[in-house]
Amino acid sequence: MTSQVRGSQLARLLGQWHALPGRRRSPDYAALAAAVRGLLADGRLPLGVRLPAERELADALRISRTTVSAAYRQLRETGHLASRRGAGSWTMLPGTHRVASSGLWTPSDDRDMLDLGIAALAAPPQLLPAARAATEDLPRYLGGAGYHPTGIIELREAVARGYTERGLPTRAEQIMVTSGTQHALDLVLRLMLPPGGGVLVESPTYPNGLASLAARRARITTHGLSTDEAGWDGELLLGSLRQGRPKLAYLIPEFHNPTGHLMPAELRERLVATAHSVGTDLIIDESFVDLPLDDTVLPPPTAAYDRHSRVISIGGMSKPYWGGLRIGWVRASAPQVQRLAAARVGVDMASPVLDQLVAVHLLADAPAIVADRRRQLTAQRDVLIDALAARLPEWRVTVPRGGVTLWAELDGPISSALARAAEDEGVRLAPGPRFGLDGTLERFLRLPFTLPAADLVEAVGRLAAVRYDLDRAVRPQWREPAVIA
Ligand SMILES: Cc1ncc(COP(=O)(O)O)c(C=O)c1O
């Protein structure tokens, strides 16, 4: 895949680079180099991409070529650019280290630990009655072998109804039930991604998505999301597809994890059209689609714009219902579902029948359960935002219009150090670099609002204390890996 940034694209990303806050009397070339370093550190400009030739960037920015040359020279000296004569210059980070994108499981056995590493709610009260009702239904299935590689028909019908109600007519044959959305992603990648195939993802993105891609040896390129309301830059996103023509793009348009962004309808439509024209298949992760907050109106599903089976939607019950259910699904064309089922036989055969029956009962009660969850999340989000404003006013957050997470912009590149120190104070965090590649995103921290309000206030109080002590603290090492979900 070509990974090259054109002059006009870099100029767009750089924006008001010559008037960045903190700039005093530094010369233009130093300001330009600093702005490029900032884009790299925030994951907006990917690593390993070729920057425009000096002349091209000078024209795009309407500055002299000498200024660009000097900026590139400084970037080479600081280890942010590697150049080869005649071949161009590629972005890098000094002393680049790969952040482990695999979230390993640590049992949450420390009851005093406030776990902000996991963005998922405790089970709703309706779960136990649903589980009891499911056991009553089970005898209907006991006469068969119990293997249903695409899922039991009642659940496939219920999931298909959900899509149809969202304006995307769907038949049960187009649904395959999986053991969670993560499993859905893994199966789709098995089917659709040849080893070494190119995949475009957002930066930041869901860490376990990156882990799945790494397991399939994907060649990953990124589209950097902005921290303001907009999130995706349509021109740059579609430009990356046209230029790189990746085999797949993995995107989270509804209340994106971790930023909470919602992709507008107009970009969804252009995205699908562009993907089709360049031969890219889209994996659309709808994990958070049931959780708009306030009066946010959802745009049509991305697949509603699809006429050529380019869009595979994945989703599940972990966020609105309970992660412990391990129920997810794929929505694709009926032939794709058959191929996925064939691939699945070599993995886990089928999902447990009893769990699927529990899911059927929960979905029958969906409006009431989801309305409760949205009320709960709205209240918890507001408590978290108020606590941050009171205790850590230097941190900036954009209020998410849905989902379960805030993406906080910190007062410095301290996210990993903060996470290490916070662990000692009984707060587990998912630091910014877990959501990107190659150690970028140190100025960001994901904060879920899935814990009860009192725990969120307590956690922010502890974080404020840790932040205060951070500069003087001796940095402890990670003691153990932790799951991030
Ligand atoms: C974007 C996204 N996709 C997938 C998952 C995994 O979900 P599941 O528990 O359904 O496997 C998560 C969980 O955090 C997520 O945020």
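Please read these numbers as outputs of a predicted model, since none were measured by experiment. Just follow the structure's listing: the first ligand is 1, and inside any ligand the first atom is 1.
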Does ligand 1 have an atom under 4.0 Å from some heavy atom of Arg326? yes

Side chains of Tyr141 and Gln356: donor-acceptor distance under 3.5 Å anywhere? no

Report, as yes or no, whether the 6.0 Å neighbourhood of atom CZ on Arg396 holds more than 12 heavy atoms from other residues, nucleotides or ligands. no

Is Trp322 atom CH2 crowded by more than 12 heavy atoms from other residues, nucleotides or ligands, each under 6.0 Å away? no

Number the atoms of ligand 1 from 1 as they appear, then name those within less than 4.0 Å of a heavy atom of [X], with their elements.
{"X": "Ile252", "value": "1 (C)"}
{"X": "Gly180", "value": "10 (O), 11 (O)"}
{"X": "Phe288", "value": "1 (C), 16 (O)"}

Using the ring of each side chain (for Trp, its six-membered ring), is His308 parallel, tilted or perpendicular to His276, with breaks at 30° and 60°? parallel

Less than 4.5 Å apart, any side-chain heavy atom of Leu418 and any of Arg467? yes

Is there side-chain contact between Ser415 and Phe444, with at least one heavy-atom pair below 4.5 Å? no

Restricting to heavy atoms, the pick from Asp186, Asp285, Asn257 nearest atom 2 (C) of ligand 1 would be Asp285

Nearest heavy atom to atom 13 (C) of ligand 1 wins, so pick from Gln182, Lys319, His183, Glu286. Lys319

Thr181 contact mode with ligand 1 (heavy-atom cut-off under 4.0 Å): both

